[in-house]
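Note sheet for the following structure.
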Number of protein chains: 2
Amino acid sequence: MPKSPEADSRRLQMADIARLAGVSTSTVSRALAGSKLISEETRSRVMELARSLNYSINIGAQNLRMKQNRTVGVVVPYDPATRQHLSDPFFLSMLGSLADALTEQGFDMLVSRVDAGTLDAAATPFDTGRVIGIVLIGQWRHHDQLNQLAARHVPIVVWGAQLPQQLYCTVGGDNLAGGELAGAHLLAQGRKRIAFFGDINLPEIGQRYQGLCQALTAAGIAADPALLVPASFVPNGGRLAVDELLARKAPFDAVFAGSDLMAMDAINALRQHGLDVPGQVAVLGYDDIPLASYFHPPLTTVRQPMQEAGRALVAALLELAEGGVAPSVQLPTQLIIRSSTV
Amino acid sequence: MPKSPEADSRRLQMADIARLAGVSTSTVSRALAGSKLISEETRSRVMELARSLNYSINIGAQNLRMKQNRTVGVVVPYDPATRQHLSDPFFLSMLGSLADALTEQGFDMLVSRVDAGTLDAAATPFDTGRVIGIVLIGQWRHHDQLNQLAARHVPIVVWGAQLPQQLYCTVGGDNLAGGELAGAHLLAQGRKRIAFFGDINLPEIGQRYQGLCQALTAAGIAADPALLVPASFVPNGGRLAVDELLARKAPFDAVFAGSDLMAMDAINALRQHGLDVPGQVAVLGYDDIPLASYFHPPLTTVRQPMQEAGRALVAALLELAEGGVAPSVQLPTQLIIRSSTV
DNA sequence: CTGAAAGCGCTAACAA
DNA sequence: TTGTTAGCGCTTTCAG
């Protein structure tokens with residue numbers, strides 16, 4: 001007997017408890033909800049019965065009736081081209097920190113992944129009434145689509161950079177300051193030819209690059225376009241960027257990478273080309289993923305405060321979901337100096 | 001005006017579409033469901049209307065009526081003592097691979113974290129009718145509680161080791177074989193004093209250790225209890241284990257760590273003690289997390305096949321949820337030889 | 001081909 | 001203090 005479609009024991013429901021307790025469903029409902037209208041004796045009898053029978057209220061029905069909901073959607077866009085799997089440690093950490101923050105607030109988390117090309121699908125869990133709002137991890141270049149969602153009054157908050165003309169709420173690190181910190185640190189180490197690895201069309205990355213440029217300017221150094229390498233977040237993006245940079249034959253003594261992963265990849269590549277890190281080339285990452293400190297050499301990087309990020313995202317979303325307004329927030333970033341630059 | 005509890009525009013529902021289209025809700029329902037009973041003209045009119053108004057069916061109500069559900073619960077137990085945040089890259093990867101597998105099957109993923117001490121809370125999303133079953137990541141030492149859940153007919157599949165007297169379905173790597181592979185490799189490198197870092201009370205870890213012992217036995221070497229260090233998965237568990245091992249003054253020329261993270265931590269600690277890896281001590285990890293290859297030296301490790309893991313977990317769960325039986329499965333593991341042991 | 005009516009499992013007036 | 005009744009938004013017989 002492979003499958004028994006309709007199993008033996010139908011799922012227990014309130015009516016069953018009511019019958020067994022010899023009361024009406026209203027009474028059961030009230031007892032379970034802890035209403036003060038119920039006699040102590042009845043309440044305890046009902047609760048005891050429910051517990052011993054392992055009965056739990058059907059949340060779907062309850063939600064329908066009460067028009068409430070304690071679930072938020074977290075969506076992670078993926079690149080339809082690479083069909084890239086959710087694997088960047090940074091995103092994953094963010095997921096973890098969101099789970100923590102939501103648990104703390106008594107909310108559940110419905111995770112879905114959507115094709116970044118059709119980002120309005122991100123709103124589906126909301127449109128279908130499954131969640132009270134959406135947290136989107138990864139702004140990428142979908143500013144317009146996000147604006148449309150916001151215009152549709154989808155409660156949505158996205159992890160990313162603040163942009164002009166932005167209708168939606170973002171929570172993100174202070175990328176400009178982060179870039180500047182990084183630049184200033186490298187300059188302080190005596191580096192003058194600082195290469196930047198990253199796709200500056202991505203808002204966050206662009207701002208980090210701007211920050212770097214500000215630091216350079218402040219030091220009276222002009223940013224050299226030959227040192228800007230448009231690396232992407234593909235698995236060996238750092239290596240490719242190193243190859244590209246070397247091919248350009250522009251001298252450099254430091255690399256500021258758009259993410260820790262890219263920095264690590266770059267370091268390995270540099271080493272294979274016989275370049276010493278940090279001796280000949282200082283390398284600085286971004287994010288401070290857990291493994292940055294385990295790397296050899298331990299990675300100097302700009303930390304994005306994950307735990308606070310999760311909390312801030314959740315706080316903003318709940319505010320929006322309640323019909324309030326949630327201003328975008330920028331979380332402070334922090335330079336973590338390890339051995340890859342000194 | 002901070003909040004507007006009941007916003008301007010009530011959420012659209014089927015009745016609205018029906019009215020606007022001048023038909024009954026039955027017709028709308030059928031049209032949207034693609035029933036063949038509806039005239040082509042009516043269907044397209046309704047669908048067009050729905051699309052232009054951005055209407056989506058309320059899944060909660062639909063589920064209630066149809067007694068169906070396309071959501072599965074993924075629960076990640078956390079240690080109540082350390083209140084440890086969901087941060088181990090391996091768990092996170094698993095989450096990603098589950099998300100992929102579920103998306104592939106058209107299911108949503110409801111993630112929750114539960115206190116490992118009260119593991120029966122893991123069934124809550126099922127008991128409350130929110131999900132059709134549970135995938136539990138991390139068996140830990142909760143064999144009995146898991147058995148109880150299974151006895152209650154909660155469709156549940158757990159990532160972990162197969163144990164005797166097990167009522168629930170597990171999907172896991174072949175830890176015994178993994179341990180043996182690791183041991184054989186180290187022995188083949190001429191290492192004879194192999195230390196093991198990990199808590200062998202955890203089923204998976206215990207089996208890995210057993211595998212190591214088998215390899216030793218096959219080589220005619222007796223396992224030395226002085227080389228078994230009960231390290232745990234705390235952030236600096238590897239370092240602590242190294243300290244402990246050195247304090248014991250038992251000579252060793254290799255370390256087999258219970259996870260990649262622990263291996264990396266151990267390598268850093270060994271290095272600080274002036275020991276060369278792999279020159280004086282070969283170090284081998286477990287999991288093959290993405291960053292294992294980025295580490296310096298790149299880490300030799302036993303790979304657990306994540307993508308297949310996700311798929312297998314989901315397949316088993318769906319089978320169970322349909323009332324079928326799902327045998328436990330062991331996924332093959334693979335030794336990935338990099339530089340930390342050769 | 002379409003509509004009226006009943007009901008999924010629950011809660012909340014309103015009565016008693 | 002408790003029960004009766006009317007829905008929450010949807011699908012689906014059963015009659016037209």
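Both backbone and side-chain heavy atoms feed into the values below; hydrogens, waters and symmetry mates do not. The sequence lines fix the lettering, A, B, ..., with proteins before strands; numbering per chain opens at 1.
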- Passes salt bridge (charged side-chain N to carboxylate O under 4.0 Å, His left out), A:Arg311 versus A:Glu308? Steps please. CA-CA 5 Å; A:Arg311 262 196 281 274; A:Glu308 286 127 71; 5.7 Å; no
- Task: Report the distance from atom CZ of A:Arg45 to atom C1' of D:dT2, rounded to the nearest whole Å.
- Result: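 Taking atom C1' of D:dT2 as the reference, CZ of A:Arg45 is at 12 Å.
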So, the side chain of [X] versus the backbone of [Y]: is there a donor-acceptor pair under 3.5 Å, distance only?
X	Y	value
B:Ser35	B:Ala31	no
A:Asp108	A:Val72	no
A:Thr128	A:Thr124	yes
B:Asn147	B:Leu167	yes

- Message: Suppose the criterion is salt bridge (Lys or Arg N to Asp or Glu O under 4.0 Å): which pairs have a residue in residues 50-63 of chain B, not counting sequence neighbours?
- Response: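 Every salt bridge (Lys or Arg N to Asp or Glu O under 4.0 Å) pair that includes a residue of residues 50-63 of chain B, provided the two are not neighbours, is B:Glu48-B:Arg51.
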- Quick note, salt bridge (Lys or Arg N to Asp or Glu O under 4.0 Å) partners involving residues 20-29 of chain A, not counting sequence neighbours, are none
Tell me, please, which residues at least two apart from [X] pass salt bridge (Lys or Arg N to Asp or Glu O under 4.0 Å).
X	answer
A:Arg30	none
B:Arg70	none
A:Asp127	A:Arg152

What nitrogen or oxygen pairs link the protein and nucleotides 6-9 of chain D at under 3.5 Å?
| unit_1 | atom_1 | unit_2 | atom_2 | d |
| --- | --- | --- | --- | --- |
| D:dG7 | N2 | A:Arg65 | NE | 3.4 |
| D:dG7 | N2 | A:Arg65 | NH1 | 2.8 |
| D:dG7 | N3 | A:Arg65 | NH1 | 3.4 |
| D:dC8 | O2 | A:Arg65 | N | 3.2 |
| D:dG9 | OP1 | A:Lys67 | NZ | 2.9 |
| D:dG9 | OP1 | B:Gln13 | OE1 | 3.0 |
| D:dG9 | OP2 | B:Gln13 | OE1 | 3.3 |
| D:dG9 | OP2 | B:Gln13 | NE2 | 3.3 |
| D:dG9 | O5' | B:Gln13 | OE1 | 3.2 |
| D:dG9 | N2 | B:Ala61 | O | 3.4 |

- Item | Within residues 32-43 of chain A: residues closer than 4.0 Å to DNA chain C (heavy atoms) | none
- Mind running a 4.0 Å heavy-atom check of residues 122-133 of chain B against DNA chain C and sending the residues that fall below it, in number order?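 Result for residues 122-133 of chain B: none.
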- Item | DNA chain D-proximal residues of residues 19-26 of chain B, any heavy atom under 4.0 Å |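 B:Ser26, in order of number.
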Using residues 323-331 of chain B as the side-chain source, report each donor-acceptor pair under 3.5 Å to any protein atom, sequence neighbours left out, with the distance given to one decimal.
| unit_1 | atom_1 | unit_2 | atom_2 | d |
| --- | --- | --- | --- | --- |
| B:Ser328 | OG | B:Gln166 | NE2 | 3.1 |
| B:Ser328 | OG | B:Thr170 | N | 2.9 |
| B:Ser328 | OG | B:Thr170 | OG1 | 3.2 |

- Does anyone know the first and last nucleotide of DNA chain C in reach of chain A, 5' to 3', at under 4.0 angstrom to a heavy atom? C:dG9 to C:dA13
- Query: Will you find, in the side chains of B:Thr27 and B:Arg43, an N or O donor that is under 3.5 Å from an N or O acceptor?
  - Reply: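 No, no side-chain donor-acceptor pair sits under 3.5 Å.
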- side chain to side chain contact (heavy atoms under 4.5 Å, CB included) partner of A:Ile137, chosen from A:Val75, A:Val111, A:Leu313, A:Leu98: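 It is A:Leu98; the other options fail the test.
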- Task: Quick one: closest heavy-atom pair of B:Gln307 and B:Ser97, and the distance?
- Result: NE2-CB, 4.1 Å
- All side-chain hydrogen bond (donor to acceptor under 3.5 Å, both in side chains) counterparts of A:Ser39, not counting sequence neighbours: A:Thr42
